Amino acid sequence: MENQVQDIERIVKEGIGKEVTVEGRHFLFGKCEEIRPYKPTWAGIQVSELSGLIDLIKSEYAELSLPKLFIEVATPKRVIAFTYVDNEYSRHYPYIAESDNKSYTFGRWQTYEDFIIALRSQFADTEARNSLIELITSVKNVDDNEVSDNGISQIASTRKGALVKTGEIKAIYKLTPYRTFMEVPQAPAEYLFRIRQSVNELSFALFAADGNAWEIEQKAIIKSHLQSCLADEIKSGKVIVIA
């Protein structure tokens, strides 16, 4: 005890650091920091597809004597793999899968050409999508058109020569945009379709109308896919999938 007091007095007077062990933990006095033993860290790897994540787990992680691995479907575009906490309550994050799929931007007004291209390239080929394409094509390809809006639905009047055709435009469409990993089915959602008339041309837009409920469904789809592909690893207790 006397020696420890002398050591502390010497540290204060001379400003010299001293390593002291207390209950197996090492402290460096004078710098007010703990000397932690060397612990190797895991260099994380990021991939853009679920298949890459699955392959890494099957071919690398499952073959090593390492802690249990949790796989969290954090968002429809991001899946994170992390280890069980160690004796210092820290984790490793060896793998991350993040989709680089460029999804459609909802709530943005587009010209006829840009809107058609977006529908054909960024949405799954469904009856609803094709019906919407057919509608806007018929409205655009006339000599004259007029759109009236009562706040709930829209009515398009198209005129070609002596022919006048008036019809109510459907407000809500259930569409399936590509916006997550392409290995899994894409969750559909409802969207509000609107037409805006300007001086020279019409513009078109889609607005989300499901309160982002699609995200819950999409995360469940991804979780089910991972559970199926990693069934053996899950059964052995090596992997746990959460969402």
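Quantities reported herein were computed from a predicted structural model and do not represent experimental measurements. Hydrogens, waters and symmetry mates play no part in the numbers below; they use all other heavy atoms, side chains included.
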Supply the members, apart from Y178, of the Ile/Leu/Val/Met/Phe/Trp/Tyr cluster built from side-chain contacts under 4.5 Å; use none for a lone residue. M182

Salt bridge (charged side-chain N to carboxylate O under 4.0 Å, His left out) partners for E215, two or more places apart: none

Residue set satisfying salt bridge (charged side-chain N to carboxylate O under 4.0 Å, His left out) with R91, at least two apart, ordered chain then number -> none

Do K58 side-chain atoms and C229 backbone N/O form a donor-acceptor pair below 3.5 Å? yes

Just by modelled atom types, is the I172 backbone N or O under 3.5 Å from a matching donor or acceptor in the E190 side chain? no

Among F207, Y191, F193, which one satisfies ring pair (Phe, Tyr, Trp, His ring centres under 6.0 Å) with F106? Y191

Check side chain to side chain donor-acceptor pair (under 3.5 Å) between [X] and all other residues, then give those that pass, not counting sequence neighbours.
X: D55; answer: none
X: T105; answer: none
X: Q110; answer: Y104
X: E183; answer: S51

With sequence neighbours left out, what residues match [X] under side-chain contact (heavy atoms from CB on, under 4.5 Å)?
X: S103; value: R179
X: K223; value: V73, Q227, V241, A243
X: A213; value: D210
X: S99; value: K77, N101, F181

Nearest 0.5 Å, please: how far is OG1 in T137 from CG in L119? 9.0 Å

Qualifying salt bridge (charged side-chain N to carboxylate O under 4.0 Å, His left out) pairs, either residue in residues 117-136, two or more places apart: D125-R129

Cluster overlap Y173 with W214, hydrophobic side-chain contacts below 4.5 Å: no

